[in-house]
Amino acid sequence: MLSISFEEFEKDMTIQEVKNDQRYLKLLSEKFPTIADAATEIINLEAIMNLPKGTEHFLSDLHGENVAFQHVLKNASGVIRRKVDDIFGMNLRESDKNELCSLIYYPEDKLRLVATTESNLNDWYRITLHRVVEVARVVSSKYTRSKVRKLLPHDFAYIIEELLHEQQSEPDKQEYYAGIINSIIDTNRPTEFIVAICQLIHRLVIDSLHIVGDVYDRGPGACSIMDTLCGYHDFDIQWGNHDISWMGAAAGNLALIANVVRISIRYMNVETLEEGYSINLLPLATFAIDNYGGDPCTEFQVKEFEADSRMAHSTDMMAKMHKAISIIQFKLEGQIIARHPEYKMDDRRQLHLIDFESGKIIIDGKAYEMLDSKFPTVDPKDPYALTPAEERLMGQLHHSFTCSERLQKHLRCLYRHGSLFLTRNNTLLYHAAVPLNDDGTFREVVVDGTSYSGRALMEKLDRVIRDAYFAEEGTPVRDYALDYMWYLWCGPDSPLYHKDKMTTFERYFVADTELYKEKKGAYFELCDTEETCDVILKEFGLDPSVSRIVNGHIPVRTTNGESPLRANGKRLVIDGGFSKPYHETTGIAGYTLIYNSHGLQLVQHEAFESKEKAVLDGTDIHSRMQLVEFKTHRMLVRDTDRGKELAEQVDNLQRLLVAYRNGLIKEN
């Protein structure tokens, strides 16, 4: 049913209004050259608007955990298992349902296993084909045939479409349906067909994917996650501080290059650099041996729980590389801070505070014992200057980062699909914070000589981030933006960090743990109140009565009784600790937020064992679902932002009809 009839629309529309839009309508008429074309498109769009809203999935802080991420995508955070339960109920044993789900998640691997274990393979194919087609039929039911058709693999498009829309329960169609299934088996194509159907289910069960920051660092699979995302049918990312660090490094910021290398070594994750992005670490290893060969680098040894099979080098060698790149990072960061006194981060320059004779550091007039006082590359008279060897090393690393084909491809993907914040369907997404003062007002932050706050600050910083890559190389605009990428990583007023300081230096070198403390910005306390969330939502043009904020960045410690639901449900913190080092702290292994036509659901995941175990035993991630918001009426496409766009298209097409029927534009 049209939201407004054409007769009503034409009655309200004056000829003069149509004349005012005539230039645009002439362009529109090239796509819809006749009254019939325009009317048909209106009918199509109105039909789409009356379909159920597509399912959105929200994930945050993946931190390189590719195996768990891939499984969450493949099982759609447990949605596929619930569909299988709904479809087959008590008609299938639990073990059969587990096997069916395992097949849908990993069809190629499961089919290879079945081929070696099943005694009557054709019977198994016949039964399985019926089951996977039934699942595909159910998950495709909320989409138009046109949309489903576009997702079908070319080789099987016609056959799949026939099976999805034929009801085998109808007597006249039973033989036809069975004949298609038998033909697939007789022509020796069942494995390819099953894989195609399972991939279609994956595409349909998640309509759009939101990554609320931090794909990178800690885990080993960030580049594999990015490969998946860059080929995904519909995704967006709100950059996190770890993403910005990698983006700045890929754009050529030397301090962030050093930071990325340091963190990769710190978490025993050098294969992301070496194998994933072809970053040559041999020059760093050579430099470390030459300058730190006799230094045990005790404070830079990898913690025992992190020294696992991913380790490609000796721990002693890695410790030397770890210390070497850390010292270079502190020098380069000191140079940036000196260039930008407006950052007000002079307390983060510590190399000049070291008393090299006593092995102590003087901070705020107090002397502190140092854990490590060996600084062979630091000149006490000019502590932030790189040595010639360090200059050469950073030149080589700069070349590796800026010339890595795969890294640059992923960087372009992050820019194309990313932003600092996003508003979508009454949801405000950003990774960490909107900087606030202690009284709850938006904090004024000076960027390039001008003060910004609230939404204006986020929009300005989004432009700065883009300038760091797209502005002409060597220009003041590009140089300023590249430096600011480092500030976004660790600056006190950065919306991606928003703590008073990042105490990396102290944690490596100072014995007194009091200096390790990092005070969170006002946002992290105030935004747990409804009042603050309402102010932020209004600032971004959303209605607080029906909207919510979704964040990541700060892991939710469920073991301490923390909840991801804050401010009476106005804010959801969905960093549940995908990264393995966080599992003990958070007590879980990640969250997924699901927003479908029935409302909002929060899924809490336990740790995933392995893909191999899922294929062999049909095991799955154990997840617990919590209902956050239930809609009394099912949400339709017309209730979404996409629906508003379609309604505007309908409005323009109705204007075109008026123009055609009044002779203002001629049909072709």
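All figures in this text were calculated on a predicted structure; none of them were measured in a lab. One is the number of the first residue; the rest follow in order along the sequence.
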Side chains of [X] and [Y], heavy atoms from C-beta outward: is any pair under 4.5 Å?
X: Val445; Y: Ser451; value: no
X: Tyr480; Y: Val447; value: yes
X: Asp214; Y: Ser60; value: no
X: Ser278; Y: Arg406; value: no
X: Val603; Y: Leu593; value: no
X: Ser419; Y: Arg466; value: yes
X: Ile363; Y: Leu515; value: yes
X: Asp483; Y: His340; value: yes

Salt bridge present between [X] and [Y] (N-O < 4.0 angstrom):
X: Glu531; Y: Lys570; result: no
X: Asp500; Y: Lys517; result: no
X: Glu648; Y: Lys644; result: no
X: Arg478; Y: Glu472; result: no
X: Asp493; Y: Arg443; result: yes

Could you give me the CA-CA distance, side-chain angles and deciding distance for Gln396 and His399, then say whether side-chain contact (heavy atoms from CB on, under 4.5 Å) is met? CA-CA 5 Å; Gln396 291 166 318; His399 178 79; 5.8 Å; no

Does [atom1] belonging to [X] count more than 12 external heavy atoms closer than 6.0 Å?
X: Glu518; atom1: CD; value: yes
X: Lys360; atom1: NZ; value: no
X: Asp543; atom1: CG; value: yes
X: Glu342; atom1: CD; value: yes
X: Asp364; atom1: CG; value: no

From [atom1] ([X]) to [atom2] ([Y]), nearest 0.5 Å:
X: Glu56; Y: Thr640; atom1: CD; atom2: OG1; result: 8.0 Å
X: Met485; Y: Asn241; atom1: CE; atom2: CG; result: 11.5 Å
X: Leu59; Y: Asp575; atom1: CG; atom2: CG; result: 11.0 Å
X: Tyr277; Y: Leu407; atom1: OH; atom2: CG; result: 5.5 Å
X: Asn269; Y: Asp217; atom1: CG; atom2: CG; result: 7.5 Å
X: Phe540; Y: Ile549; atom1: CZ; atom2: CD1; result: 8.5 Å

Check for me whether the distance between the ring centres of [X] and [Y] falls short of 6.0 Å.
X: Trp239; Y: Tyr216; answer: no
X: Tyr415; Y: Phe470; answer: yes
X: Phe235; Y: His417; answer: yes
X: His352; Y: Tyr384; answer: yes

If you take all heavy atoms of [X] and [Y], which pair is closest and at what distance?
X: Thr387; Y: Thr377; answer: CG2-O, 3.4 Å
X: Val573; Y: Val556; answer: O-CG2, 3.5 Å
X: Gly252; Y: Thr402; answer: CA-CG2, 3.9 Å
X: Gln329; Y: Ala255; answer: CG-O, 4.1 Å
X: Ala567; Y: Arg571; answer: CB-N, 4.4 Å
X: Leu254; Y: Met394; answer: O-CE, 3.5 Å

Using the rule given for ring-ring contact (aromatic ring centres under 6.0 Å, His included), can you reason through His431 versus Phe421, listing the C-alpha separation, both sets of side-chain angles and the distance that settles it, and then say yes or no? CA-CA 8 Å; His431 176 66; Phe421 73 93; over 10 Å; no

Where the side chain of [X] meets the backbone of [Y], is there a donor-acceptor pair that is under 3.5 Å apart?
X: Ser494; Y: Leu488; answer: yes
X: Asp243; Y: Val215; answer: yes
X: Ser404; Y: Phe401; answer: no

Ring pair (Phe, Tyr, Trp, His ring centres under 6.0 Å): pairs with one or both residues in residues 501-522, sequence neighbours excluded: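 Ring pair (Phe, Tyr, Trp, His ring centres under 6.0 Å) check on residues 501-522 returns Phe300-Tyr508, Phe300-Phe509, His322-Tyr508, Phe330-Phe505, Phe375-Phe509, Phe505-Phe509.
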
For Gln649 and Asp651: C-alpha separation, side-chain torsions, deciding distance, then whether side-chain hydrogen bond (donor to acceptor under 3.5 Å, both in side chains) applies. CA-CA 5 Å; Gln649 292 178 34; Asp651 182 78; over 6 Å; no

Do Asn425 and Thr427 get their side chains close enough for a donor-acceptor pair, meaning under 3.5 Å?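 No - no donor-acceptor pair under 3.5 Å links their side chains.
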
Side-chain donor-acceptor contact under 3.5 Å, Tyr523 with Asp528: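 No, no side-chain donor-acceptor contact under 3.5 Å.
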
With sequence neighbours left out, write down each residue that passes side-chain hydrogen bond (donor to acceptor under 3.5 Å, both in side chains) with Arg424, or none if nothing qualifies.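 None.
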
Do Lys53 and Tyr595 form a cation-pi contact, if we require the NZ or CZ to be under 6.0 Å from the six-membered ring centre and within 45 degrees of the ring's axis?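 Yes, Lys53 lies over the aromatic ring of Tyr595.
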
Does the pair Ser245 and Asn259 meet the rule for a side-chain hydrogen bond (donor to acceptor under 3.5 Å, both in side chains), with working shown? CA-CA 8 Å; Ser245 179; Asn259 184 60; 2.9 Å; yes

Parallel, tilted or perpendicular: which describes the rings of [X] and [Y], with under 30° parallel and over 60° perpendicular?
X: His498; Y: Phe524; answer: tilted
X: Tyr487; Y: Tyr484; answer: tilted
X: His242; Y: Trp489; answer: perpendicular

Before giving the answer on side-chain contact (heavy atoms from CB on, under 4.5 Å), spell out for Leu209 and Leu73 the whole-Å C-alpha distance, their side-chain angles and the decisive distance to 0.1 Å. CA-CA 9 Å; Leu209 179 65; Leu73 281 193; 3.8 Å; yes

Kindly indicate, with the supporting measurements, whether the criterion side-chain contact (heavy atoms from CB on, under 4.5 Å) is fulfilled by Ile574 and Asn551. CA-CA 6 Å; Ile574 60 169; Asn551 286 158; over 6 Å; no

His57/Asp207 under side-chain hydrogen bond (donor to acceptor under 3.5 Å, both in side chains): CA gap, chis, key distance, verdict: CA-CA 8 Å; His57 279 231; Asp207 192 44; over 6 Å; no

Evaluate the criterion side-chain hydrogen bond (donor to acceptor under 3.5 Å, both in side chains) for residue pair Arg262 and Ser326; output intermediate values, then yes/no. CA-CA 6 Å; Arg262 177 187 64 81; Ser326 297; 4.7 Å; no

